[in-house]
Amino acid sequence: MSRKYFGTDGIRGRANRFPMTPEIAMRVGMAAGLAFQNGSHRHRVVIGKDTRLSGYMIENALVSGFCAAGVDVFLLGPIPTPAVAMLARSLRADFGVMISASHNPFHDNGIKLFGPDGYKLSDEIEAKIEAMLDPSIELSLADSSSLGRAKRIDGVHDRYIEFAKRTLPKDLSLSGLRIVVDCANGAAYKVAPSALWELGAEVVPIHVEPNGFNINADCGSTNPVSLVKKVHEVRADLGIALDGDADRVVLVDENGTIIDGDQIMALIAESWHEDGRLVGDGIVATVMSNLGLERFLNGRGLALHRTKVGDRYVVEHMRNHGFNVGGEQSGHVILSDFSTSGDGLVTALQVLACLKRQNKPASEVCRKFEPVPQVLKNVRYSGGKPLERSNVKAAIASAEEKLGKNGRLVIRPSGTEPLIRVMAEGDDLDLVNEVVDQIVDALGETRNVA
(Lines give C-alpha, C1' and ligand atoms only; values in the text may rest on other atoms or scores of the structure.)
Protein backbone atom coordinates (compact mmCIF):
# COMPACT_ATOMS: atom_id res chain seq x y z
CA MET A 1 0.00 0.00 0.00
CA SER A 2 1.32 3.45 -0.89
CA ARG A 3 1.91 5.63 2.17
CA LYS A 4 0.09 8.93 2.22
CA TYR A 5 1.06 10.13 5.69
CA PHE A 6 4.03 8.19 7.09
CA GLY A 7 7.53 8.69 5.75
CA THR A 8 10.85 7.18 6.80
CA ASP A 9 10.61 8.75 10.27
CA GLY A 10 6.95 9.05 11.21
CA ILE A 11 4.78 11.86 9.87
CA ARG A 12 6.45 15.19 9.09
CA GLY A 13 5.63 18.40 7.27
CA ARG A 14 4.95 22.10 7.56
CA ALA A 15 2.84 22.82 10.63
CA ASN A 16 -0.85 23.50 9.95
CA ARG A 17 -0.51 22.21 6.40
CA PHE A 18 -1.15 18.68 5.17
CA PRO A 19 -0.24 16.29 6.69
CA MET A 20 0.67 18.16 9.89
CA THR A 21 -2.81 19.54 10.62
CA PRO A 22 -4.60 19.25 13.96
CA GLU A 23 -7.32 17.15 12.35
CA ILE A 24 -4.85 14.55 11.11
CA ALA A 25 -3.00 14.62 14.44
CA MET A 26 -6.27 13.92 16.23
CA ARG A 27 -7.00 11.03 13.89
CA VAL A 28 -3.49 9.65 14.45
CA GLY A 29 -4.29 9.65 18.16
CA MET A 30 -7.57 7.85 17.53
CA ALA A 31 -6.04 5.28 15.17
CA ALA A 32 -2.93 4.60 17.24
CA GLY A 33 -5.03 4.39 20.39
CA LEU A 34 -7.23 1.74 18.82
CA ALA A 35 -4.40 -0.12 17.08
CA PHE A 36 -2.46 -0.62 20.31
CA GLN A 37 -5.34 -1.81 22.49
CA ASN A 38 -4.51 -5.20 23.90
CA GLY A 39 -6.67 -6.51 26.72
CA SER A 40 -9.09 -4.86 29.14
CA HIS A 41 -6.60 -2.81 31.18
CA ARG A 42 -6.48 0.99 31.08
CA HIS A 43 -4.16 1.81 28.20
CA ARG A 44 -1.73 4.70 28.45
CA VAL A 45 0.47 6.74 26.15
CA VAL A 46 3.33 9.13 26.97
CA ILE A 47 3.67 12.23 24.80
CA GLY A 48 6.77 14.41 24.63
CA LYS A 49 7.61 17.34 22.37
CA ASP A 50 10.37 19.74 21.43
CA THR A 51 10.10 23.52 21.67
CA ARG A 52 8.32 24.46 18.42
CA LEU A 53 5.37 26.82 18.58
CA SER A 54 3.21 24.29 16.76
CA GLY A 55 3.87 21.71 19.48
CA TYR A 56 0.98 23.13 21.52
CA MET A 57 -1.44 22.63 18.63
CA ILE A 58 -0.30 19.11 17.74
CA GLU A 59 -0.11 18.04 21.39
CA ASN A 60 -3.69 19.05 22.16
CA ALA A 61 -4.98 17.43 18.97
CA LEU A 62 -3.24 14.16 19.83
CA VAL A 63 -4.63 14.26 23.38
CA SER A 64 -8.16 14.62 21.99
CA GLY A 65 -7.65 11.65 19.69
CA PHE A 66 -6.17 9.38 22.34
CA CYS A 67 -8.82 10.25 24.91
CA ALA A 68 -11.52 9.59 22.31
CA ALA A 69 -10.01 6.13 21.83
CA GLY A 70 -10.16 5.49 25.58
CA VAL A 71 -6.41 5.92 26.22
CA ASP A 72 -5.00 7.76 29.23
CA VAL A 73 -2.39 10.36 28.31
CA PHE A 74 0.75 11.26 30.25
CA LEU A 75 2.14 14.59 29.03
CA LEU A 76 5.91 14.99 29.42
CA GLY A 77 6.40 18.49 28.00
CA PRO A 78 9.64 19.46 26.19
CA ILE A 79 12.00 16.51 26.48
CA PRO A 80 14.42 14.65 24.14
CA THR A 81 13.17 11.93 21.82
CA PRO A 82 15.27 9.23 23.53
CA ALA A 83 13.69 10.20 26.85
CA VAL A 84 10.24 9.48 25.40
CA ALA A 85 11.42 6.05 24.27
CA MET A 86 12.91 5.39 27.72
CA LEU A 87 9.84 6.64 29.62
CA ALA A 88 7.49 4.55 27.49
CA ARG A 89 9.26 1.53 28.96
CA SER A 90 9.79 2.95 32.45
CA LEU A 91 6.15 4.02 32.91
CA ARG A 92 4.82 0.78 31.35
CA ALA A 93 3.00 2.73 28.67
CA ASP A 94 1.45 0.93 25.74
CA PHE A 95 3.24 3.32 23.39
CA GLY A 96 4.96 6.68 23.19
CA VAL A 97 4.75 9.73 20.94
CA MET A 98 7.32 12.43 20.22
CA ILE A 99 6.17 15.66 18.57
CA SER A 100 9.19 16.94 16.68
CA ALA A 101 10.66 17.58 13.26
CA SER A 102 14.16 16.87 14.58
CA HIS A 103 16.72 19.17 12.90
CA ASN A 104 14.17 20.96 10.66
CA PRO A 105 13.25 24.67 11.05
CA PHE A 106 10.54 25.74 13.52
CA HIS A 107 7.79 25.90 10.88
CA ASP A 108 7.94 22.11 10.39
CA ASN A 109 6.75 19.52 12.86
CA GLY A 110 6.32 15.78 13.04
CA ILE A 111 4.88 12.83 14.94
CA LYS A 112 7.11 9.87 15.86
CA LEU A 113 5.52 6.78 17.38
CA PHE A 114 7.20 4.23 19.67
CA GLY A 115 6.01 0.85 20.84
CA PRO A 116 5.98 -0.29 24.49
CA ASP A 117 9.54 -1.58 24.03
CA GLY A 118 10.77 1.92 23.16
CA TYR A 119 11.49 1.12 19.51
CA LYS A 120 10.03 3.02 16.57
CA LEU A 121 7.09 1.31 14.95
CA SER A 122 7.55 -1.14 12.10
CA ASP A 123 6.34 -0.35 8.60
CA GLU A 124 3.53 -2.87 9.10
CA ILE A 125 2.13 -1.17 12.21
CA GLU A 126 2.43 2.27 10.61
CA ALA A 127 0.54 0.93 7.60
CA LYS A 128 -2.15 -0.39 9.92
CA ILE A 129 -2.52 3.00 11.59
CA GLU A 130 -2.54 4.81 8.26
CA ALA A 131 -5.32 2.54 6.97
CA MET A 132 -7.46 3.66 9.91
CA LEU A 133 -7.14 7.39 9.20
CA ASP A 134 -10.55 7.91 7.61
CA PRO A 135 -13.96 9.15 8.84
CA SER A 136 -15.26 5.65 9.64
CA ILE A 137 -12.88 5.48 12.60
CA GLU A 138 -15.50 7.20 14.77
CA LEU A 139 -17.52 3.97 14.70
CA SER A 140 -14.83 2.24 16.79
CA LEU A 141 -14.18 4.94 19.40
CA ALA A 142 -14.62 4.49 23.14
CA ASP A 143 -17.98 4.73 24.84
CA SER A 144 -18.62 8.03 26.62
CA SER A 145 -18.03 6.29 29.97
CA SER A 146 -14.64 4.91 28.85
CA LEU A 147 -12.91 8.06 27.60
CA GLY A 148 -9.28 8.59 28.47
CA ARG A 149 -7.86 11.13 30.92
CA ALA A 150 -4.86 13.40 30.43
CA LYS A 151 -2.38 14.71 32.99
CA ARG A 152 1.08 16.23 33.06
CA ILE A 153 3.80 14.15 34.70
CA ASP A 154 6.32 15.81 37.02
CA GLY A 155 9.90 14.70 37.48
CA VAL A 156 10.49 13.34 33.99
CA HIS A 157 13.58 15.50 33.49
CA ASP A 158 15.12 14.07 36.66
CA ARG A 159 14.32 10.53 35.53
CA TYR A 160 16.06 11.05 32.20
CA ILE A 161 19.08 12.80 33.75
CA GLU A 162 19.58 9.90 36.16
CA PHE A 163 19.20 7.44 33.30
CA ALA A 164 21.87 9.25 31.27
CA LYS A 165 24.26 9.47 34.23
CA ARG A 166 23.92 5.74 34.93
CA THR A 167 25.39 4.95 31.50
CA LEU A 168 28.78 5.92 32.96
CA PRO A 169 30.78 4.05 35.63
CA LYS A 170 29.78 5.14 39.14
CA ASP A 171 33.23 6.44 39.99
CA LEU A 172 33.66 8.51 36.82
CA SER A 173 33.61 12.27 37.28
CA LEU A 174 33.83 14.95 34.62
CA SER A 175 35.56 17.36 36.99
CA GLY A 176 38.37 19.26 35.34
CA LEU A 177 36.61 19.38 31.97
CA ARG A 178 35.17 22.58 30.56
CA ILE A 179 32.35 21.71 28.16
CA VAL A 180 30.29 23.93 25.89
CA VAL A 181 26.89 22.42 25.11
CA ASP A 182 24.72 23.77 22.28
CA CYS A 183 21.13 22.62 22.84
CA ALA A 184 19.78 24.12 19.58
CA ASN A 185 17.05 25.91 21.57
CA GLY A 186 15.41 22.51 21.52
CA ALA A 187 14.19 19.65 23.66
CA ALA A 188 17.39 19.16 25.70
CA TYR A 189 17.79 22.78 26.79
CA LYS A 190 17.28 21.84 30.45
CA VAL A 191 18.42 18.23 30.78
CA ALA A 192 21.75 18.31 28.91
CA PRO A 193 23.43 21.15 30.85
CA SER A 194 22.07 19.75 34.14
CA ALA A 195 23.36 16.23 33.51
CA LEU A 196 26.84 17.47 32.60
CA TRP A 197 27.00 19.76 35.64
CA GLU A 198 25.83 17.01 38.00
CA LEU A 199 28.64 14.80 36.67
CA GLY A 200 31.16 17.43 37.74
CA ALA A 201 31.93 19.33 34.54
CA GLU A 202 32.24 23.08 34.16
CA VAL A 203 29.38 23.72 31.75
CA VAL A 204 28.96 26.61 29.32
CA PRO A 205 25.45 26.26 27.83
CA ILE A 206 24.48 28.09 24.63
CA HIS A 207 21.21 28.22 22.69
CA VAL A 208 19.13 27.31 25.73
CA GLU A 209 16.47 30.00 25.43
CA PRO A 210 13.73 28.55 23.21
CA ASN A 211 10.94 30.88 22.15
CA GLY A 212 9.00 28.64 19.78
CA PHE A 213 10.71 30.04 16.69
CA ASN A 214 14.47 29.69 17.22
CA ILE A 215 14.85 25.90 17.39
CA ASN A 216 17.79 24.84 15.14
CA ALA A 217 18.14 28.44 13.92
CA ASP A 218 21.84 28.95 13.14
CA CYS A 219 22.76 26.51 15.89
CA GLY A 220 22.76 22.86 16.87
CA SER A 221 24.28 19.81 15.22
CA THR A 222 23.48 20.96 11.66
CA ASN A 223 25.07 24.38 12.15
CA PRO A 224 27.81 24.26 14.82
CA VAL A 225 29.52 27.51 13.76
CA SER A 226 28.60 29.32 16.99
CA LEU A 227 29.71 26.30 19.03
CA VAL A 228 33.14 26.38 17.40
CA LYS A 229 33.39 30.09 18.23
CA LYS A 230 32.40 29.55 21.86
CA VAL A 231 34.82 26.64 22.30
CA HIS A 232 37.66 28.93 21.17
CA GLU A 233 36.38 31.80 23.29
CA VAL A 234 36.23 29.92 26.60
CA ARG A 235 39.06 27.49 25.78
CA ALA A 236 36.82 24.49 26.30
CA ASP A 237 37.97 20.89 26.27
CA LEU A 238 34.98 19.79 24.17
CA GLY A 239 31.92 21.20 22.48
CA ILE A 240 28.65 19.25 22.20
CA ALA A 241 26.01 20.16 19.61
CA LEU A 242 22.60 18.50 19.80
CA ASP A 243 19.74 18.85 17.34
CA GLY A 244 16.19 19.97 18.07
CA ASP A 245 15.02 16.70 19.62
CA ALA A 246 18.48 15.67 20.90
CA ASP A 247 18.66 12.29 19.19
CA ARG A 248 21.78 13.28 17.26
CA VAL A 249 25.06 14.92 18.20
CA VAL A 250 28.25 16.28 16.67
CA LEU A 251 31.26 17.29 18.72
CA VAL A 252 33.94 19.97 18.48
CA ASP A 253 37.45 19.40 19.82
CA GLU A 254 39.54 22.00 21.65
CA ASN A 255 40.88 23.29 18.32
CA GLY A 256 37.42 23.84 16.87
CA THR A 257 37.51 20.81 14.56
CA ILE A 258 34.18 19.08 13.93
CA ILE A 259 33.89 15.45 15.06
CA ASP A 260 31.06 13.78 13.12
CA GLY A 261 29.12 10.58 13.70
CA ASP A 262 31.64 8.43 11.84
CA GLN A 263 34.51 9.53 14.10
CA ILE A 264 32.33 9.07 17.19
CA MET A 265 31.37 5.54 16.17
CA ALA A 266 35.01 4.70 15.45
CA LEU A 267 36.06 5.87 18.91
CA ILE A 268 33.29 4.04 20.77
CA ALA A 269 33.73 0.85 18.71
CA GLU A 270 37.46 0.78 19.40
CA SER A 271 37.02 1.53 23.10
CA TRP A 272 34.28 -1.03 23.62
CA HIS A 273 36.16 -3.63 21.58
CA GLU A 274 39.22 -3.20 23.80
CA ASP A 275 37.01 -3.57 26.90
CA GLY A 276 35.25 -6.64 25.52
CA ARG A 277 31.94 -4.79 25.42
CA LEU A 278 31.43 -4.63 21.64
CA VAL A 279 28.84 -7.17 20.53
CA GLY A 280 29.07 -8.67 17.05
CA ASP A 281 31.97 -8.52 14.63
CA GLY A 282 31.77 -4.72 14.17
CA ILE A 283 29.18 -1.95 13.92
CA VAL A 284 26.24 -0.95 11.73
CA ALA A 285 26.11 2.27 9.68
CA THR A 286 24.47 3.52 6.50
CA VAL A 287 25.73 3.65 2.93
CA MET A 288 26.68 7.30 3.55
CA SER A 289 29.36 6.58 6.19
CA ASN A 290 32.86 7.38 5.03
CA LEU A 291 35.10 4.73 3.51
CA GLY A 292 37.72 5.82 6.02
CA LEU A 293 35.56 4.46 8.84
CA GLU A 294 35.31 1.09 7.11
CA ARG A 295 39.09 0.93 6.62
CA PHE A 296 39.70 1.92 10.25
CA LEU A 297 37.46 -0.86 11.52
CA ASN A 298 38.91 -3.42 9.11
CA GLY A 299 42.38 -2.59 10.41
CA ARG A 300 41.22 -3.69 13.88
CA GLY A 301 39.56 -6.87 12.71
CA LEU A 302 36.10 -5.32 12.78
CA ALA A 303 33.48 -5.04 10.06
CA LEU A 304 31.22 -2.21 8.93
CA HIS A 305 27.74 -3.44 8.03
CA ARG A 306 25.89 -0.91 5.86
CA THR A 307 22.14 -0.23 5.59
CA LYS A 308 19.88 2.18 3.74
CA VAL A 309 19.89 5.78 4.95
CA GLY A 310 17.79 6.23 8.08
CA ASP A 311 18.41 5.41 11.72
CA ARG A 312 15.41 3.05 11.79
CA TYR A 313 17.15 0.79 9.28
CA VAL A 314 20.33 0.84 11.36
CA VAL A 315 18.35 -0.12 14.47
CA GLU A 316 16.52 -2.86 12.58
CA HIS A 317 19.80 -4.41 11.42
CA MET A 318 21.30 -4.13 14.90
CA ARG A 319 18.31 -5.92 16.44
CA ASN A 320 18.16 -8.63 13.81
CA HIS A 321 21.87 -9.43 13.86
CA GLY A 322 22.94 -8.70 17.42
CA PHE A 323 25.03 -5.51 17.31
CA ASN A 324 25.19 -2.91 20.08
CA VAL A 325 26.83 0.03 18.24
CA GLY A 326 25.49 1.68 15.11
CA GLY A 327 24.54 5.02 13.64
CA GLU A 328 24.82 7.62 10.92
CA GLN A 329 27.46 10.08 9.83
CA SER A 330 25.02 12.88 10.73
CA GLY A 331 25.35 12.03 14.42
CA HIS A 332 22.53 9.58 15.10
CA VAL A 333 24.42 7.04 17.20
CA ILE A 334 22.56 4.06 18.67
CA LEU A 335 24.10 2.34 21.67
CA SER A 336 21.62 -0.44 22.32
CA ASP A 337 23.13 -1.34 25.70
CA PHE A 338 21.48 1.87 26.87
CA SER A 339 18.90 3.15 24.38
CA THR A 340 16.47 2.00 21.72
CA SER A 341 17.08 5.09 19.59
CA GLY A 342 19.75 7.66 18.91
CA ASP A 343 20.63 9.62 22.05
CA GLY A 344 22.86 12.65 21.64
CA LEU A 345 23.54 13.18 25.35
CA VAL A 346 24.34 9.53 26.13
CA THR A 347 26.62 9.35 23.08
CA ALA A 348 28.49 12.47 24.19
CA LEU A 349 28.91 11.00 27.67
CA GLN A 350 30.58 7.88 26.24
CA VAL A 351 33.07 10.10 24.40
CA LEU A 352 33.71 12.10 27.56
CA ALA A 353 34.40 8.84 29.40
CA CYS A 354 37.11 8.07 26.82
CA LEU A 355 38.62 11.54 27.31
CA LYS A 356 38.79 11.07 31.06
CA ARG A 357 40.20 7.54 30.84
CA GLN A 358 42.91 8.43 28.32
CA ASN A 359 43.62 11.85 29.85
CA LYS A 360 44.39 13.30 26.43
CA PRO A 361 42.85 16.21 24.48
CA ALA A 362 39.84 15.56 22.27
CA SER A 363 41.88 16.30 19.14
CA GLU A 364 43.99 13.21 19.87
CA VAL A 365 41.28 10.94 21.25
CA CYS A 366 38.49 11.61 18.73
CA ARG A 367 40.36 11.79 15.41
CA LYS A 368 40.49 8.06 14.70
CA PHE A 369 40.94 8.12 10.92
CA GLU A 370 41.51 10.48 8.00
CA PRO A 371 38.24 10.69 6.01
CA VAL A 372 38.40 9.68 2.37
CA PRO A 373 37.42 12.60 0.07
CA GLN A 374 33.65 12.50 -0.38
CA VAL A 375 31.52 14.53 -2.79
CA LEU A 376 27.71 14.74 -2.70
CA LYS A 377 25.53 16.56 -5.24
CA ASN A 378 21.75 16.65 -5.69
CA VAL A 379 19.90 16.73 -8.99
CA ARG A 380 16.29 17.89 -9.01
CA TYR A 381 13.98 16.28 -11.55
CA SER A 382 10.31 16.49 -12.52
CA GLY A 383 8.57 13.24 -13.31
CA GLY A 384 9.71 9.94 -14.69
CA LYS A 385 12.36 7.58 -13.39
CA PRO A 386 15.73 9.12 -14.26
CA LEU A 387 17.78 6.25 -12.85
CA GLU A 388 16.23 3.88 -15.38
CA ARG A 389 17.37 5.91 -18.42
CA SER A 390 20.00 4.18 -20.53
CA ASN A 391 22.39 7.16 -20.60
CA VAL A 392 22.26 7.41 -16.78
CA LYS A 393 22.91 3.69 -16.38
CA ALA A 394 25.87 4.00 -18.73
CA ALA A 395 27.30 6.96 -16.78
CA ILE A 396 26.96 5.04 -13.51
CA ALA A 397 28.66 1.95 -14.95
CA SER A 398 31.50 4.08 -16.29
CA ALA A 399 31.91 5.81 -12.90
CA GLU A 400 32.04 2.49 -11.04
CA GLU A 401 34.72 1.22 -13.42
CA LYS A 402 36.85 4.35 -12.94
CA LEU A 403 36.65 4.20 -9.15
CA GLY A 404 37.36 0.48 -9.02
CA LYS A 405 38.29 -0.84 -5.59
CA ASN A 406 39.70 2.50 -4.43
CA GLY A 407 36.37 4.27 -4.17
CA ARG A 408 32.66 3.95 -3.64
CA LEU A 409 29.54 5.24 -5.39
CA VAL A 410 26.09 5.75 -3.81
CA ILE A 411 23.18 7.01 -5.90
CA ARG A 412 19.73 7.17 -4.38
CA PRO A 413 16.48 9.10 -4.72
CA SER A 414 15.52 11.32 -1.80
CA GLY A 415 12.72 10.01 0.34
CA THR A 416 11.15 13.44 0.79
CA GLU A 417 11.92 15.50 -2.34
CA PRO A 418 12.16 14.95 -6.13
CA LEU A 419 15.94 14.73 -5.91
CA ILE A 420 18.55 12.20 -6.94
CA ARG A 421 21.48 12.23 -4.51
CA VAL A 422 24.82 11.38 -6.11
CA MET A 423 27.68 10.58 -3.73
CA ALA A 424 31.14 9.28 -4.55
CA GLU A 425 34.27 8.90 -2.48
CA GLY A 426 37.78 7.75 -3.16
CA ASP A 427 41.44 8.46 -2.56
CA ASP A 428 41.71 10.70 -5.64
CA LEU A 429 39.57 13.81 -5.13
CA ASP A 430 39.88 14.91 -8.77
CA LEU A 431 38.57 11.53 -9.92
CA VAL A 432 35.73 11.67 -7.39
CA ASN A 433 34.66 15.08 -8.70
CA GLU A 434 34.92 13.83 -12.26
CA VAL A 435 32.65 10.80 -11.78
CA VAL A 436 30.07 12.77 -9.78
CA ASP A 437 29.89 15.47 -12.47
CA GLN A 438 29.64 12.76 -15.12
CA ILE A 439 26.53 11.29 -13.48
CA VAL A 440 25.02 14.68 -12.64
CA ASP A 441 25.36 15.72 -16.28
CA ALA A 442 23.63 12.51 -17.42
CA LEU A 443 20.80 13.05 -14.93
CA GLY A 444 20.45 16.66 -16.03
CA GLU A 445 19.68 15.52 -19.55
CA THR A 446 16.66 13.56 -18.25
CA ARG A 447 15.51 16.12 -15.72
CA ASN A 448 12.24 16.94 -17.45
CA VAL A 449 11.64 13.63 -19.19
CA ALA A 450 8.49 11.81 -18.05
Side-chain angles (χ1 to χ4, degrees), residues 1-14 18-19 102 104 108 110 120-124 126-127 130-131 262 284-291 293-294 304-317 320-321 326 328-330 332 372-450:
M1 184 186 78
S2 61
R3 292 153 68 95
K4 182 178 179 182
Y5 301 98
F6 284 91
T8 56
D9 195 16
I11 301 173
R12 187 178 296 187
R14 194 176 183 95
F18 180 87
S102 191
N104 287 26
D108 290 338
K120 292 179 182 179
L121 300 187
S122 66
D123 289 340
E124 292 74 22
E126 286 185 348
E130 180 155 318
D262 283 350
V284 182
T286 75
V287 293
M288 300 304 290
S289 277
N290 195 274
L291 183 59
L293 171 61
E294 186 170 348
L304 178 62
H305 299 265
R306 295 185 183 270
T307 72
K308 293 189 294 183
V309 173
D311 64 303
R312 66 182 299 171
Y313 302 112
V314 173
V315 172
E316 180 181 342
H317 192 92
N320 291 340
H321 301 279
E328 297 186 283
Q329 189 181 60
S330 60
H332 278 118
V372 170
Q374 190 178 81
V375 175
L376 170 66
K377 291 188 178 181
N378 298 318
V379 180
R380 186 170 295 275
Y381 67 96
S382 56
K385 298 180 179 180
L387 294 179
E388 296 183 6
R389 303 288 296 188
S390 59
N391 66 318
V392 174
K393 289 182 178 180
I396 293 172
S398 172
E400 290 175 336
E401 183 179 355
K402 289 178 180 178
L403 288 173
K405 295 182 179 180
N406 295 317
R408 203 168 58 89
L409 188 64
V410 178
I411 302 169
R412 63 183 185 90
S414 166
T416 56
E417 301 177 83
L419 295 175
I420 302 295
R421 305 194 190 282
V422 181
M423 189 277 283
E425 59 183 356
D427 298 311
D428 185 339
L429 178 58
D430 290 337
L431 177 60
V432 170
N433 277 310
E434 177 187 329
V435 298
V436 169
D437 289 342
Q438 173 182 321
I439 296 170
V440 167
D441 289 344
L443 285 166
E445 295 173 14
T446 66
R447 188 175 303 171
N448 299 310
V449 177

Q: Measuring only between side-chain heavy atoms, which start at C-beta, is K377 closer than 4.5 Å to D437?
A: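 Sidechains of D437 and K377: in contact.
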Q: Evaluate the side-chain proximity of Q329 to L293: yes if any heavy-atom separation is below 4.5 Å, no if none is.
A: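 Answer no - side chains too far apart.
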Q: If you define the side chain from C-beta out and look only at heavy atoms, does anything of D9 sit under 4.5 Å from R312?
A: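 No; the side chains remain at least 4.5 Å from each other.
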Q: Which pair of non-hydrogen atoms, one from V379 and one from G444, has the smallest distance, and what is that distance?
A: CG1-N, 4.4 Å
Q: I'd like to know if the side chain of D311 and the backbone of H332 have a donor-acceptor N/O pair within less than 3.5 Å.
A: no
Q: Mind checking whether K120 and V315 have side chains closer than 4.5 Å, heavy atoms only?
A: no
Q: For E130 versus F6, what's the shortest heavy-atom pair and its separation?
A: OE1-N, 3.1 Å
Q: Show the nearest heavy-atom pair for residues V432 and E425, with the distance to one decimal.
A: CG2-C, 3.6 Å
Q: Do the side chains of H321 and H305 get nearer than 4.5 Å, heavy atoms only?
A: no
Q: Any side-chain heavy atom of Y381 within less than 4.5 Å of one from I420?
A: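 Y381 vs I420: side chains touch.
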Q: May I ask you to test the N104-R12 pair for a side-chain heavy-atom distance under 4.5 Å?
A: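 SC-SC contact between N104 and R12 confirmed.
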Q: Could you check whether any side-chain heavy atom of V375 comes within less than 4.5 Å of a side-chain heavy atom of L429, counting everything from C-beta outward?
A: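 Counting from C-beta outward, V375 and L429 do come under 4.5 Å.
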